[in-house]
2 protein chains.
Amino acid sequence: MQQLKYSRQRESIKNFLMTRKDHPTADVVYTNVRKEYPNISLGTVYRNLSLLSERGEIMKISTGDGPDRFDGNPLPHYHFICKKCESVMDLEMESIDEINEKANANFNGIVEGHMAYFYGCCENCKPN
Amino acid sequence: MQQLKYSRQRESIKNFLMTRKDHPTADVVYTNVRKEYPNISLGTVYRNLSLLSERGEIMKISTGDGPDRFDGNPLPHYHFICKKCESVMDLEMESIDEINEKANANFNGIVEGHMAYFYGCCENCKPN
DNA sequence: TTAATAATAGTAATGATTACTATTTTATTA
DNA sequence: TAATAAAATAGTAATCATTACTATTATTAA
């Protein structure tokens, strides 16, 4: 890995992400960081989001539908995606790491981990 | 949902998918179905793959990295993605549906299901 | 058989993301 | 502090996967 140099733009991107609980897309990060750095380019946003998630400082969430989203909290946790409003939110739940062992049981390779998210209907979209 | 009309192209796409265990991309489906229908267009392949997966006849696999893949077997099962060779393979494992309850436990919305895949090193890429 | 409508081929457009490059910032060292 | 090296940037172009558009063709129902 090449050595890292400080950049104000990267710091601003990370700070912005940490203020948000809604896991914004790169584009939303871009429009917001532009308030502080009007000349920042979308490429810089993407490059830094990739860089930060590779280094484990933020988390990238691929929903399999629509653009990637980013979470300023890199600690392991799961996400819920509402099928109606498409919002993405954090779940507080006990560990499900035992599913790795289940996956490994009849498998000849090596299962190192998993990717998972949950979907359904969020509180706001729920009919009363 | 609008009414469905038979098409030879759709049948060929589905037949091709059922002969494969490697979960090909739309592009791979395209190049193969073209052997039978040289004039088929990529748009037709995409449209039918979407249509078939919406109707539950095939399964769409979003890897969050690279193009989507398709599985001719629509019955619920999980996939493993090799981080080295990027191949996608089926896993035979016991149910992990209990994770839905775990996700629901402290959640105010309604968890209807989950999406999950496993990753690591496949048998072929494993150092001996 | 005709009429309706769904599906197609071919092409253009879109959206998200990455690549390129000349310039500017940051960090190191004389 | 000034000079240098290296990394990051802005701005733009390019790429990739996928979807949209439209005139024509195929399928199905009457």
Side-chain angles (χ1 to χ4, degrees), chain A residues 1-17 22-55 57-71 81 86 88, chain B residues 1-17 22-55 57-71 81 86-88 117:
Chain A
M1 212 192 284
Q2 93 180 334
Q3 119 144 38
L4 198 67
K5 251 172 198 173
Y6 171 84
S7 99
R8 293 173 280 168
Q9 289 88 334
R10 185 187 307 130
E11 187 178 53
S12 176
I13 288 167
K14 194 178 175 194
N15 285 342
F16 170 70
L17 266 189
D22 66 343
H23 316 98
T25 61
D27 211 64
V28 171
V29 174
Y30 174 57
T31 48
N32 279 277
V33 173
R34 247 202 313 188
K35 291 168 189 165
E36 193 179 1
Y37 294 100
N39 293 327
I40 197 172
S41 76
L42 189 53
T44 297
V45 172
Y46 271 104
R47 185 166 21 74
N48 280 297
L49 288 172
S50 296
L51 202 155
L52 288 167
S53 73
E54 271 167 31
R55 307 183 91 245
E57 298 188 40
I58 66 173
M59 199 190 293
K60 178 165 133 178
I61 309 167
S62 295
T63 65
D65 182 74
D68 290 343
R69 289 163 164 269
F70 297 88
D71 187 339
I81 302 177
E86 302 205 275
V88 177
Chain B
M1 211 191 283
Q2 94 180 330
Q3 117 142 37
L4 200 66
K5 252 172 199 174
Y6 172 84
S7 100
R8 294 172 281 170
Q9 290 89 334
R10 185 187 308 132
E11 186 177 53
S12 177
I13 288 167
K14 193 177 176 194
N15 284 342
F16 170 71
L17 265 188
D22 66 344
H23 315 99
T25 61
D27 212 64
V28 171
V29 174
Y30 175 57
T31 50
N32 279 276
V33 173
R34 237 179 350 165
K35 291 168 188 164
E36 193 180 359
Y37 294 100
N39 292 326
I40 197 172
S41 77
L42 188 53
T44 296
V45 172
Y46 271 104
R47 185 163 23 73
N48 280 296
L49 287 172
S50 295
L51 203 154
L52 288 167
S53 73
E54 270 167 32
R55 308 183 92 244
E57 299 188 40
I58 66 173
M59 200 190 294
K60 177 164 134 177
I61 309 167
S62 294
T63 66
D65 183 74
D68 290 341
R69 290 163 165 270
F70 297 89
D71 187 338
I81 302 177
E86 302 204 275
S87 62
V88 178
Y117 62 78

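Throughout, protein chains are lettered first and strands after them, A, B, ... in sequence-line order, and every chain is numbered starting at 1.
Between A/T63 and A/P67, the closest heavy-atom pair is OG1-O, 4.2 Å. A/V29 approaches A/F16 most closely through the heavy-atom pair CA-CE2, 3.8 Å.
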Handout entry: DNA chain D base-pair string [pairs: Watson-Crick or G-U under 3.5 Å; |: paired with another strand]
Key = ||||||||||||||||||||||||||||||
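By the 4.5 Å heavy-atom criterion applied to side chains, A/L17 and A/P24 are counted as neighbours. Between B/V33 and B/N15, every side-chain heavy-atom pair lies at or beyond the 4.5 Å cut-off. Counting heavy atoms from C-beta on, the side chains of B/V28 and B/R69 never come closer than 4.5 Å. Between A/L4 and A/L51 there is a side-chain heavy-atom pair separated by less than 4.5 Å.
Atoms OH (B/Y6) and C1' (D/dA29) sit 18 Å apart, rounded to a whole Å. Between the CZ atom of B/R10 and the C1' atom of C/dA6 there is a distance of 9 Å, rounded to whole Å. Atom CD in B/E36 sits roughly 12 Å away from atom P in C/dA9 (whole-Å rounding). Atom pair B/I13:CD1 and C/dT8:C1' shows a separation of 11 Å (rounding to whole Å applied). Rounded to a whole Å, the CG atom of A/D65 is 20 Å from the P atom of C/dT14. One atom, CG of A/L49, and another, P of C/dT18, lie 10 Å apart when rounded to the nearest Å. Rounded to whole angstrom, the span from the OH atom of A/Y37 across to the P atom of C/dT25 amounts to 11 Å.
Between B/S41 and the phosphate of C/dT8, there is no side-chain N or O to OP1/OP2 separation shorter than 4.0 Å. A close approach under 4.0 Å does occur between a side-chain nitrogen or oxygen of B/Q9 and OP1 or OP2 of C/dA9. Residue A/S7 has no polar side-chain atom (N or O) positioned under 4.0 Å from OP1 or OP2 of D/dA8. Using a 4.0 Å cut-off, some side-chain N or O of B/R8 falls inside it from OP1 or OP2 of D/dT27. The phosphate of D/dT9 (OP1 or OP2) has a side-chain N or O of A/N48 nearer than 4.0 angstrom.
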Exercise for the section: Starting from the C-alpha separation in whole Å, work towards a yes-or-no answer on side-chain contact (heavy atoms from CB on, under 4.5 Å) for B/V88 and B/D71. Expected result: CA-CA 10 Å; B/V88 178; B/D71 187 338; over 6 Å; no
Practice task
List the steps, then state whether side chain to side chain donor-acceptor pair (under 3.5 Å) holds for B/R34 with B/T31.
Solution key: CA-CA 5 Å; B/R34 237 179 350 165; B/T31 50; over 6 Å; no
Handout entry: Verdict with reasoning, A/S12 to A/E36, per side chain to side chain donor-acceptor pair (under 3.5 Å)
Key = CA-CA 8 Å; A/S12 176; A/E36 193 179 1; 2.8 Å; yes
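The side chain of A/L4 has D/dA8 as its nearest neighbour among D/dA10, C/dA27, D/dA8.
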Can you name the atoms? Protein N/O to nucleotides 3-5 of chain C N/O, anything below 3.5 Å, with the distance.
unit_1	atom_1	unit_2	atom_2	d
C/dT5	O2	B/K5	NZ	2.4

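How far CG of B/D68 is from OH of B/Y46: 7.5 Å, rounded to the nearest 0.5 Å. Here the CD1-CD1 distance, from A/I61 to A/I81, works out to 7.5 Å after rounding to the nearest 0.5 Å. We find the CD1-CG distance between A/I13 and A/L49 to be 5.5 Å, quoted to the nearest 0.5 Å.
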Fill in the blank from the handout: Protein-proximity profile, nucleotides 13-25 of chain D, B/S/- by nucleotide at the 4.0 Å heavy-atom cutoff, equals ----SBB------
